[in-house]
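When a residue number appears, it is its place in the shown sequence, counting from 1.
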Amino acid sequence: MRYYVLDRGDQLSVELSEQFHKLAAGRGFQLDAESPEIVISIGGDGTMLHAFHTFIDRIPNIAFVGVHTGHLGFYADWKADEIPELIELMSGAKSADQLKPRIAKYPLIEIEIYKKSGQTTCIALNELTIKGVDGTIVAQIDINDELFEMFRGDGICISTPSGSTAYNKSIGGALVHPSIEALQLAEIASINNRVFRTLGSSLLLPKHHHCDIYSRKEQRLLLTIDHLNIPVDDLISIQCKVAEQKISFVRYRPYPFWNRVREAFLG
Ligand code: NAP
């Protein structure tokens, strides 16, 4: 098995990373930074975002596993003291509750950014946010090429189902099960008056729909794609849709999404 480990860089994550390499060598796993089959993220959900973007060009060929060294995560579901068990399961020496490893595939968002200076395509695992640098933003939102609303406010968040528990949740968006192929559009502090009228609630677009966000004034914007910040001062529009490709996670044991939601937010 070809593998790669990406850790958060704190002492515990580095130590676990070293432990993983040692045990993996004993099982004959091959460390491969270029074309791993499995990428192990050790840290938190934020570390998984880094791992995802590090291997963004090889997503269809990789399965991810997350080990958390802080609180329980959504992408990182193995505990710090479970590395030996994880290695055993990865090597096939042991199977949890007689279950075979399963691949869970989660939807991603494809983002086309059109600027006066050029066009870029990006993929998000959690979300895209569009915010103003100098204050409120003005944007026209079209759904499937028809005008939907004129937005004025702090910003717009477009999240994946697995990203729905992150920034989207903080702005009142719904939690969406990752088996639902959809993207969620949520407002960040919209201003409502006679000129600017928005829906006020978040909405889900299915896989075959798309939305376009047109910049409607000269404005300096900050786009965030997961943990990445992209300042843009010449935006024309952004198109978002559910991506064709998905991210794969190897599940050596079941850990249902709603259990993770309960553990993370309700205790
Ligand atoms: P960060 O500001 O250092 O961490 C943000 C927090 O979001 C961390 O606690 C992280 O968990 C958690 N998180 C990341 N993905 C998640 C998910 N899918 N479900 C639930 N929680 C999640 O930033 P970062 O570590 O570079 O991560 C960037 C992400 O942070 C963005 O994609 C955005 O979703 C999120 N964020 C949230 C807010 C907010 O809620 N107000 C503000 C800014 C950014 P770990 O501690 O396990 O890494």
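- At distances below 3.5 Å, at least one donor-acceptor pair connects side-chain atoms of D226 with backbone N or O atoms of L125.
- Listed for the E37 side chain is a donor-acceptor partner under 3.5 Å among the backbone atoms of R2.
- T69 and S13 share a donor-acceptor pair across their side chains, judged by distance under 3.5 Å alone.
- Here L222 is tied into one hydrophobic group with V133, each link being a pair of ILVMFWY side chains closer than 4.5 Å.
- For F20, the ring-ring contact (aromatic ring centres under 6.0 Å, His included) partners at least two apart in sequence or on another chain are Y3.
- A donor and an acceptor atom, one from each side chain of Y167 and S159, are nowhere located under 3.5 Å apart.
- Closest of all the heavy-atom pairs between S202 and Q184 is OG-OE1, 2.8 Å.
- Shown here for I158 and C240, the closest heavy-atom pair between the two residues is CD1-SG, 3.7 Å.
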Inset, instruction - Walk me through it: do L89 and W78 pass the test side-chain contact (heavy atoms from CB on, under 4.5 Å)? - result: CA-CA 12 Å; L89 292 168; W78 286 86; 3.4 Å; yes
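- Across all non-hydrogen atoms, the minimal contact from V39 to P36 is CG2-CG, 3.7 Å.
- Among residues two or more places apart in sequence or in another chain, the salt bridge (charged side-chain N to carboxylate O under 4.0 Å, His left out) test is passed with E34 by none.
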Inset, instruction - Would you please test L203 and I143 for side-chain contact (heavy atoms from CB on, under 4.5 Å) and show each step? - result: CA-CA 11 Å; L203 53 87; I143 295 179; 4.2 Å; yes
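- For residues 28-59, the set of pairs meeting the ring-ring contact (aromatic ring centres under 6.0 Å, His included) definition, not counting sequence neighbours, comprises Y4-F55, H50-H227, H53-H227.
- Every residue two or more places apart in sequence or in another chain was checked for a ring-ring contact (aromatic ring centres under 6.0 Å, His included) with H210, and none qualifies.
- The ring-ring contact (aromatic ring centres under 6.0 Å, His included) check on F74 picks up F265, with sequence neighbours excluded.
- Taking E112 as the reference, nothing meets the salt bridge (charged side-chain N to carboxylate O under 4.0 Å, His left out) condition, with sequence neighbours excluded.
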Legend entry - Derivation of the side-chain contact (heavy atoms from CB on, under 4.5 Å) call for E110 and T121: CA-CA 7 Å; E110 186 178 312; T121 307; 4.1 Å; yes
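- For D142, there are no salt bridge (charged side-chain N to carboxylate O under 4.0 Å, His left out) partners, not counting sequence neighbours.
- The other residues sharing a hydrophobic cluster with L204 are V176, I180, where clustering joins ILVMFWY side chains under 4.5 Å apart.
- With hydrogens and angles left out, the side-chain atoms of E15 and Q19 include no donor and acceptor closer than 3.5 Å.
- Residue pairs satisfying the ring-ring contact (aromatic ring centres under 6.0 Å, His included) criterion with at least one member in residues 136-166, sequence neighbours excluded, are absent.
- Judged by distance alone, the side chains of N192 and T198 do bring a donor and an acceptor atom under 3.5 Å apart.
- Panel note: side chain T160, backbone L108; no donor-acceptor pair is recorded below 3.5 Å.
- Scored by the salt bridge (charged side-chain N to carboxylate O under 4.0 Å, His left out) test, K217 finds no partners at all (sequence neighbours excluded).
- Checked against I42 for a side-chain contact (heavy atoms from CB on, under 4.5 Å), the options D7, L6, V14 give a single hit: D7.
- Between D77 and R253 there is no salt bridge, since no side-chain nitrogen of the basic residue lies less than 4.0 Å from a carboxylate oxygen of the acidic one.
- A single hydrophobic cluster is not seen to contain both M150 and L221; linkage of ILVMFWY side chains at heavy-atom distances under 4.5 Å, directly or through other members, places them apart.
- Looking at K79 and D81, no side-chain N of the basic residue comes within less than 4.0 Å of a carboxylate O on the acidic one, giving no salt bridge.
- The two residues I171 and E187 make their nearest non-hydrogen contact at CD1-O, 3.8 Å.
- A donor-acceptor contact shorter than 3.5 Å links the side chain of D45 to the backbone of Y75.
- In this structure, R27 contributes its side chain and E88 its backbone to no donor-acceptor pair below 3.5 Å.
- Residues E218 and K116 are paired through a salt bridge, judged by an N-O separation under 4.0 Å between the basic side chain and the carboxylate.
- A ring-ring contact (aromatic ring centres under 6.0 Å, His included) check over residues 101-128, counting only residues at least two apart or in different chains, returns the pairs Y106-F249.
- Between the side chains of T129 and T224, at least one donor N or O sits under 3.5 Å from an acceptor N or O.
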